[in-house]
Each structure stands twice: as structure tokens, then as C-alpha cells.
Amino acid sequence: MSAAADTAMASSGGEAYEQAKHVARHGAEGQRTLLAERQDAPAEILFYMAEDAAPAVRRRVAENRSTPRHADLILATDEDAGVRSGLARKIAHLLPDLDRRGRDRLRLMTVQVLETLARDQLDTVRQLVAEALQDVAAAPRQIVVDLAHDPVLAVSAPVLEHSPVLTDDDLLSVIAKGAAAGALKVIARRGDIAESVSAAIAAGPDTDAISALLANRSAQVREDTLDDLIERSEAVTELQAPLVSRERMPSRFLVKLAMFVADHLIGVLQKRSDIDEATASRLGEVVRRRIAAGGAPLPVAERDDEEPPAVEPAKAGHGQSDTFYENAQKLHEKGKLTEKALRAALDKGDNRFVIAGLAVLGDLPLSSVGQIGRSKSAKAVVALAWKAGLSAEFSVGLQGRLGPIPRHERLFPKSDGGYPLSDDDLAWQLELFIG
């Protein structure tokens, strides 16, 4: 027994105290175990018993809410896994109840214990901490972030799926640094996933995670992201069923899916309760065309979103008589040449109008915009969107439709939604074509 503990014990006095002191020092293991689990045991006795020779006694001390925190610091590095596990359960559940007022030192010591346990070499101990902290809004941020990056899925999963402490940037960091196998699927099940996180999940090859994302009713998914997934699903057929079943899908996407999804999924599309008459009519037409084609997916040339040819170079220059350019100018004068309008044109495959709109918004020669559109240069196409004052998110869809540029060659927005290139780099890309 330490000299400090002896001094503290001597100051207490009392017959019951002396009895407890005797049991702690000389009692049989069973007696010491019973004493160690008593909530009314003196703090200094519990401190002394934190170094008892019997693991069973130390476990009871670790689980006892009356054990002083400086004893818990000792137990956090105990050689017995059961001791550390019991301590993890207790400490994690105590944290939300700590009153900050006048108890900052106690909270600090509690956090120190948690930090030690969250770095424990035993997976089950770290898992216990993660499970206990998963829904605690007041949990120490750095501990939760460290648990989220844990390479063991059983440890990271509770906080990745539930913790309110993790921000969108935290989740994007986990994804970017290579999450544990299965972690993306866990993140995809979180409530109210932001568009940036959804886009990061959708950009990867994990079809299980993408399927979970599409099944998540609260996940916010950009239309550009959905459009990219629909394009991929023609080759990656595992994505077709989740896309067909995704709630609140734009009608144009449902029609696009109907052109190539497996036969049994066409019926699912037609039975959706959220489609209007116009969409139902378009779906019926697609089905009739596929039946006429023997049930095969429609060839690209026969699809409603067939890409019109880009504007001819002969239509070059500002103020020329191209009809699409004139229409874009009129809309711009009325304040209606918006990103939303251009996105709708992209979805329809109306590339000539999109090119004209980019020329008007960016005050660029129509012929140069058309040339960039045919260049298959991701950087140049992104620069067009930037010059036109459109979002980096819009530039992703522009690359997919205007080039079209293969997905693996496209440039995506930064985690904050900004452009992936600097303003100087974007301006230089335009100079290469315009001079």
C-alpha cells in the first residue's frame, strides 16, 4: 500500500473504515471482491485495491462508479483485459453526466482515461469505448475522430454510423485516407448525409456502399451524382436495382434507366407510385420500343438523351446568327439563363444550347466553346463552367455530357465544393483555345 494511501486512510478513522482497511489488506479474495464492488467503500480503499493482486478484485474496482478517477488512470493500463473492458464501459457512460461547472479537473481526468482506453491494443476495449460514445454529443472530439479512423471495422463502425461529433470533413477524411473494409457502407447508412459525402461514396468502386447510400432515404444526393451512377449502372448491373428503387428520383432519370435496365426492373419502374402521367407515358413508350427490339436495351442512338452534334466552327464569334446563341442571349437578358436551365438542357442532351449558354455567360466566342466541347480535355471543360460563373458541381455533369469525358478522367470538386484547379490554371486553360 502506498504512503499516500496510508495517510489518507489514517485520517478517516471509524470502526467500519478500519474493518474495510483490514479486508483490503488481509481478507480472502472473495471478501476483497465484495468490498471492491460496494458503492459506499471509501475512495482511498478503492484506490488501494486498484493494485490488488487478484484480477477479479481489480475488475470490480474498475466497474465501481465510486472509484476515484486517479485510480481509474492506473486501471486503464492494467494487464488484465477484463479490467480495462469493465473500466471502458463505466467511464464512457459516466462522461455525459459530468457537470462541467466546478468539475473541470474531474472531466479532464475522465478524458485522460478514455484516451488511454481508446488506444488500447485490444480491439474489444476500443470497441467498447466506441459503442459507448457513439451517440454522445459531448464526447471528446479527438477521441471520436481517432476511433473513426481505426483500421478495425468493429471499432470504427459505431461512431462512423451514429456519432454527432463527426463533421462532413471528418467523414470525407476517413473516405480519402482509405477506410476499413466495410466502413463506406457504414457511413452510407448515417442519417442526413451531406451531398459532398454522398458524392465521395458514389465516386468509389464499393457497390455495397453505393447501394446502401441509395437506400438511405435521408441521404442528400446531387442530381449530377445520380446521373453518373445511372451511366455506370449500365455496366455495373448491381447498381440498377438500388437506383430503380431510390425514392424521389427525377422522372427523366427513371426514363433513362428504363432504356437499359434488366427486364424485371422495368416492371418495378412502371409500378412506382410517385410517377406522373407524362412519365408513365414515356416509360410505356420505352417499354414498347424495347419489346420491338426483342427486349434488349435500346441502342444509344435510339435513346431520348442522344447527344446532338456540337455547334459547327463556321458559327464562330460573338453576335453571329446561330439560333441557339440568340435564344441563350434572350434568356440571359431576362435573367433566366441560370445553372438550373443549363442543367436541364444537359439532361435532355441539348448540347448546342448548353454551348451557346456557356458562350453567353462567359462572354466567349461560340466557336471556341464548341472547340473545347470537342477537345475531350477535362481541365478545359471545367474552365468553361468556371468562366461562366457556374458551380464546380455543374462542371462534373458538363464533363460527362459535353465531351463526353470518361468518368475516370473527370475532375471533381474539392471537399468544400470549390473548383479543383486554381483561378490562374483555369484561365490558362481557356487561353490555350481562345488566346
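Values below: every heavy atom of this structure, side chains too, minus hydrogens, waters and symmetry copies.
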Novice: Taking atom types as modelled and ignoring hydrogens, do the side chains of Asp425 and Gln429 form a donor-acceptor contact shorter than 3.5 angstrom?
Specialist: no
Novice: Using a 4.5 Å cut-off on heavy atoms from C-beta on, say whether the side chain of Leu364 contacts that of Leu384.
Specialist: yes
Novice: Heavy atoms only: give me the nearest Val144-Ala139 pair and the separation to one decimal.
Specialist: CG2-CB, 3.8 Å
Novice: Between Asp227 and Arg222, is there a salt bridge with N-O shorter than 4.0 Å?
Specialist: no
Novice: What is the minimum heavy-atom distance between Leu254 and Met249, and which atoms define it?
Specialist: CD2-CB, 3.8 Å
Novice: Counting N and O atoms only, with roles assigned by atom type, does the side chain of Glu339 sit under 3.5 Å from a partner on the main chain of Ser391, one being a donor and the other an acceptor?
Specialist: yes
Novice: Testing the 3.5 Å rule here: is there a donor-acceptor pair between the side chains of Asp170 and Thr167?
Specialist: yes
Novice: With a 3.5 Å distance limit and no angle check, can you tell me whether Ser163 reaches the backbone of Asp135 through a side-chain donor-acceptor pair?
Specialist: no
Novice: Is Gln134 close to Leu160 at the side-chain level, that is, under 4.5 Å between some pair of heavy atoms?
Specialist: no
Novice: Any side-chain heavy-atom pair from Ile74 and Phe47 closer than 4.5 angstrom?
Specialist: yes
Novice: Going through the checks in order, is the side-chain contact (heavy atoms from CB on, under 4.5 Å) test met by Asn351 and Leu346?
Specialist: CA-CA 6 Å; Asn351 284 12; Leu346 270 183; 4.2 Å; yes
Novice: Any side-chain heavy atom of Glu195 sitting closer than 4.5 Å to one from Thr225?
Specialist: no
Novice: Rounded at 0.5 Å granularity, tell me how far CZ in Phe353 sits from CG in Leu331.
Specialist: 5.0 Å
Novice: What distance do Ile405 atom CD1 and Ser375 atom OG have between them, rounded to the nearest 0.5 Å?
Specialist: 6.5 Å
Novice: Before accepting this row, confirm whether a basic side-chain N of the pair Lys330/Glu326 lies closer than 4.0 Å to the acidic partner's carboxylate O.
Specialist: no
Novice: Quick one: which of Asp80, Asp78, Asp52 gives a side-chain hydrogen bond (donor to acceptor under 3.5 Å, both in side chains) with Arg58?
Specialist: Asp78
Novice: So which heavy atom on Pro242 is nearest to which on Ser211, and how close?
Specialist: CG-OG, 3.4 Å
Novice: Using side-chain heavy atoms (C-beta onward) and a distance below 4.5 Å, is Phe260 in contact with Thr237?
Specialist: no
Novice: Per the side chain to side chain contact (heavy atoms under 4.5 Å, CB included) rule, which among Ile372, Val381, Leu366, Leu398 passes with Leu358?
Specialist: Leu398
Novice: With Asp150 as reference, evaluate Arg126, Lys177, Arg119 under the salt bridge (charged side-chain N to carboxylate O under 4.0 Å, His left out) test and give the passing residue.
Specialist: Arg126
Novice: Determine the minimum heavy-atom distance between Ile187 and Val174, stating which atoms define it.
Specialist: CD1-CG1, 4.2 Å
Novice: Would Ile210 and Arg232 count as a side-chain contact (heavy atoms from CB on, under 4.5 Å) here? Give the steps.
Specialist: CA-CA 12 Å; Ile210 297 172; Arg232 286 170 58 188; 3.7 Å; yes
Novice: Is it the case that Glu131 and Gln127 place a side-chain donor and acceptor less than 3.5 Å from each other?
Specialist: yes
Novice: Check whether Ser395 reaches the backbone of Ala392 with its side chain - one donor and one acceptor, N or O, closer than 3.5 Å.
Specialist: yes
Novice: Is any side-chain heavy atom of Ile143 closer than 4.5 Å to one of Leu147?
Specialist: yes
Novice: I'd like to know if the side chain of Asn216 reaches the main chain of Arg190, judged simply by a donor and an acceptor atom lying under 3.5 Å from each other, with no hydrogens or angles considered.
Specialist: yes
Novice: Going by atom types alone, do Gln220 and Ser198 pair a side-chain donor with an acceptor below 3.5 Å?
Specialist: no
Novice: Exactly one of Arg248, Arg252, Arg246 should register a salt bridge (charged side-chain N to carboxylate O under 4.0 Å, His left out) with Glu223. Which one does?
Specialist: Arg252
Novice: With a 6.0 Å cut-off (strictly less than), is the heavy-atom count around CD of Gln39, excluding the residue itself, greater than 12?
Specialist: yes
Novice: Say whether, by atom type as modelled, one donor and one acceptor occur between the side chain of Ser245 and the main chain of Ala241 under 3.5 angstrom.
Specialist: yes
Novice: Can you name the residues that form a salt bridge (charged side-chain N to carboxylate O under 4.0 Å, His left out) with Glu247, not counting sequence neighbours?
Specialist: Arg217
Novice: Strictly below 4.0 Å, N to O, side chains only: are Lys387 and Asp363 in salt-bridge contact?
Specialist: no
Novice: Short question: side chain of Arg290, backbone of Glu285 - any donor-acceptor pair under 3.5 Å?
Specialist: no
Novice: Could you please spell out the steps behind the side-chain contact (heavy atoms from CB on, under 4.5 Å) verdict for Val113 and Met109?
Specialist: CA-CA 6 Å; Val113 174; Met109 293 181 70; 5.7 Å; no
Novice: Minimum heavy-atom separation for Gly182 to Leu153, with atom names?
Specialist: C-CD1, 3.8 Å
Novice: Could you state the interatomic distance from CG (Leu337) to CG (Leu361), rounded to the nearest 0.5 Å?
Specialist: 4.0 Å
Novice: Could you tell me whether the side chain of Arg84 and the main chain of Leu122 form a donor-acceptor pair under 3.5 Å?
Specialist: no
Novice: Run the salt bridge (Lys or Arg N to Asp or Glu O under 4.0 Å) check on Lys256 and Glu234 step by step: do they pass?
Specialist: CA-CA 11 Å; Lys256 186 175 180 180; Glu234 186 163 11; over 6 Å; no
Novice: When rounded to the nearest 0.5 angstrom, what is the spacing between CD in Glu37 and CD in Glu63?
Specialist: 8.5 Å
Novice: Assess the residue pair Val286 and Leu283 against the criterion (side-chain contact (heavy atoms from CB on, under 4.5 Å)); give the C-alpha distance rounded to whole Å, side-chain angles, the decisive distance to 0.1 Å, and a yes or no.
Specialist: CA-CA 5 Å; Val286 171; Leu283 286 173; 5.6 Å; no
Novice: Under 3.5 Å, is there a donor-acceptor pair between the side chain of Tyr419 and the main chain of Ala383?
Specialist: no
Novice: For Asp72, check salt bridge (charged side-chain N to carboxylate O under 4.0 Å, His left out) against everything at least two apart and list the hits.
Specialist: Arg69, Lys90
Novice: Between Ser233 (side chain only) and Val236 (backbone N and O only), is there a donor and an acceptor less than 3.5 Å apart?
Specialist: no
Novice: Please report the interatomic distance CZ(Arg59) to CG(Asn64), rounded to the nearest 0.5 Å.
Specialist: 16.0 Å
Novice: Provide the closest heavy-atom pair for Leu226 versus Pro250 in the form atom of the first, atom of the second, distance.
Specialist: CD1-CD, 4.4 Å
Novice: For the backbone of Leu411 and the side chain of Gln399, can you confirm whether one donor and one acceptor N or O come within less than 3.5 Å of each other?
Specialist: yes
Novice: Do Leu46 and Pro68 have side-chain heavy atoms sitting under 4.5 Å apart?
Specialist: yes
Novice: Starting at CD of Glu161, measure out to NZ of Lys185 and round the result to the nearest 0.5 Å.
Specialist: 10.5 Å
Novice: Leu430 versus Trp386: any side-chain heavy-atom pair under 4.5 Å?
Specialist: yes
